[in-house]
K.L.:
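Once you've had a glance at the structure underneath, I'll fire off some questions.
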2 protein chains.
Amino acid sequence: MNDQDRRSMPLFSIGIVMKLTELTARQIRYYEENELITPERTSGNQRLFSFNDVDKLLEIKDLLDKGLNLAGIKLLLKGEVIVEEKVEQKSDISDKELRKILKHELSEAGRLGRTSLRQGELSRFFRS
Amino acid sequence: MNDQDRRSMPLFSIGIVMKLTELTARQIRYYEENELITPERTSGNQRLFSFNDVDKLLEIKDLLDKGLNLAGIKLLLKGEVIVEEKVEQKSDISDKELRKILKHELSEAGRLGRTSLRQGELSRFFRS
DNA sequence: ATTATATGTCAGGAATCCTAACATTGTTTT
DNA sequence: AAAACAATGTTAGGATTCCTGACATATAAT
């Protein structure tokens with residue numbers, strides 16, 4: 001079992017993810033509705049989140065704070081948009097949408113007093 | 001937050017721990033009853049296990065396979081017994097118990113086809 | 001002003017977990 | 001051998017957590 005496998009193992013219930021990310025259940029489910037994350041389910045249909053999922057949620061939170069909307073975050077998470085030039089090739093997103101997405105990037109660095117996990121912190125789990 | 005903090009964060013429900021360790025809920029609760037582990041609880045009294053707890057459970061499973069009993073495993077986990085000589089000093093455990101505990105140690109190495117986690121494997125989580 | 005986005009809140013039901021009690025099997029102890 | 005003990009299974013009733021769906025609300029975009 002390699003690291004990628006470990007990172008994508010379904011481990012956490014939604015209650016724990018709420019604490020780890022300080023998001024509400026409503027928010028987490030809404031992000032799934034919009035396909036920003038796709039957590040596994042138990043045989044009884046309850047969500048089980050992986051480390052990767054939690055990481056994504058922390059990033060989503062971060063980007064929302066910076067003013068992006070879900071559509072933009074979705075594209076960023078999918079890696080279909082680089083924060084450089086990248087245009088042409090009749091992609092299915094309009095120029096306007098692209099500009100909208102990139103408009104806010106790289107503004108103020110996040111410096112809010114958060115008590116739980118900060119983006120990027122989860123990946124330091126167990127770097128003993 | 002250091003690694004020890006991370007390792008002792010209450011994260012996993014009993015259902016997930018069952019899958020990770022391939023122990024039954026009955027077994028896990030029984031080990032807690034005997035104070036081999038002391039998982040946290042949610043505000044609603046449901047158990048939440050840490051990485052350390054899961055590690056301990058995997059070790060318990062291992063040692064049970066090797067013939068130790070819970071009393072002996074408890075002492076080993078508490079680190080009050082070294083697998084060497086160590087006697088005298090009117091400890092509150094009898095010589096007989098001590099011999100019983102050490103009797104089986106270091107027998108055959110575990111080589112059973114397990115599908116989930118093996119003892120020691122959990123600590124390799126995220127050693128990218 | 002209207003629509004869209006993101007989130008809150010509530011309700012009814014389903015899944016998971018809790019403790020306690022009793023059963024079972026194998027191993028010591030008497 | 002009988003009784004006691006250790007470890008685990010099983011069952012039951014109740015509590016907690018999670019599910020989806022619907023409606024409300026506040027802010028932002030058109």
Side-chain angles (χ1 to χ4, degrees), chain A residues 10-49 53 56-57 59-75 77 94 96-101 103-104, chain B residues 10-49 53 57 59-75 77 93-94 96-101 103-104:
Chain A
L11 293 174
F12 307 116
S13 68
I14 198 170
I16 294 156
V17 175
M18 289 173 62
K19 288 176 198 157
L20 287 175
T21 62
E22 286 183 331
L23 295 166
T24 65
R26 183 69 174 87
Q27 288 175 300
I28 295 168
R29 296 189 186 115
Y30 184 63
Y31 302 154
E32 181 188 21
E33 222 175 282
N34 285 266
E35 300 176 287
L36 302 191
I37 53 172
T38 54
E40 300 280 315
R41 300 284 182 132
T42 67
S43 56
N45 198 38
Q46 307 206 172
R47 272 166 268 253
L48 278 186
F49 300 81
D53 291 326
K56 274 191 190 174
L57 286 172
E59 189 164 0
I60 290 167
K61 201 184 172 193
D62 231 44
L63 294 172
L64 281 173
D65 281 349
K66 292 181 183 172
L68 289 247
N69 65 7
L70 289 197
I73 294 170
K74 182 172 180 178
L75 291 176
L77 287 180
S94 72
K96 203 173 73 175
E97 281 172 322
L98 239 177
R99 261 178 281 113
K100 197 191 307 175
I101 289 163
K103 188 164 49 177
H104 286 283
Chain B
L11 293 175
F12 308 116
S13 68
I14 199 171
I16 294 155
V17 175
M18 288 172 63
K19 287 177 198 157
L20 287 175
T21 62
E22 287 184 330
L23 295 165
T24 65
R26 183 68 173 90
Q27 287 175 301
I28 295 168
R29 295 190 186 117
Y30 185 64
Y31 302 154
E32 182 188 19
E33 221 176 283
N34 285 265
E35 300 176 288
L36 301 192
I37 53 172
T38 54
E40 300 280 313
R41 300 285 182 128
T42 68
S43 56
N45 198 36
Q46 306 204 175
R47 270 164 268 251
L48 278 186
F49 300 81
D53 291 326
L57 287 171
E59 188 164 1
I60 290 167
K61 202 182 169 192
D62 231 44
L63 293 172
L64 280 174
D65 281 349
K66 291 181 182 170
L68 290 243
N69 65 6
L70 289 197
I73 294 171
K74 183 172 180 177
L75 291 176
L77 288 181
I93 50 168
S94 72
K96 203 173 75 178
E97 281 173 322
L98 240 176
R99 260 178 282 114
K100 198 191 305 177
I101 289 164
K103 188 163 50 179
H104 287 282

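Letters A, B, ... mirror the listed sequences (proteins, then strands); counts begin at 1. Note that the structure is a prediction, hence the values are computed from the model and not measured.
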K.L.:
Rounded to whole Å, how long is the line connecting atom CD1 of B:I60 with atom C1' of D:dT8?
P.N.:
15 Å
K.L.:
Please figure out whether B:Q46 or A:L48 has its closest DNA chain D nucleotide nearer the 5' end.
P.N.:
B:Q46
K.L.:
Among residues at least two apart in sequence or on other chains, which ones pass side chain to side chain donor-acceptor pair (under 3.5 Å) with A:N34?
P.N.:
none
K.L.:
To the nearest Å, how far apart are B:K66 NZ and D:dA7 P?
P.N.:
18 Å
K.L.:
B:R47 near the nucleic acid: base, sugar-phosphate alone, or nothing, with a heavy-atom cut-off under 4.0 Å?
P.N.:
sugar-phosphate
K.L.:
Any salt bridge between A:E35 and A:K74, counting N to O under 4.0 Å?
P.N.:
yes
K.L.:
Can you measure B:E22 atom CD to D:dG9 atom P for me and round it to whole angstrom units?
P.N.:
13 Å
K.L.:
What is the distance, to the nearest angstrom, from the NZ atom on B:K61 to the P atom on D:dA7?
P.N.:
17 Å
K.L.:
Is the shortest distance from a Lys or Arg side-chain nitrogen in A:E32 or A:R41 to a carboxylate oxygen in the other one below 4.0 Å?
P.N.:
yes
K.L.:
List the protein contact pattern of nucleotides 3-8 of chain C with one symbol per nucleotide (5' to 3'): B for base contact, S for sugar-phosphate-only contact, - for none; contact means a heavy-atom distance under 4.0 Å.
P.N.:
--SBBB
K.L.:
A:I28 has an atom CD1; how far is it from atom C1' of D:dC18, in whole Å?
P.N.:
12 Å
K.L.:
List for me each residue that meets side chain to side chain donor-acceptor pair (under 3.5 Å) alongside A:T42, sequence neighbours excluded, and say none if there are none.
P.N.:
none
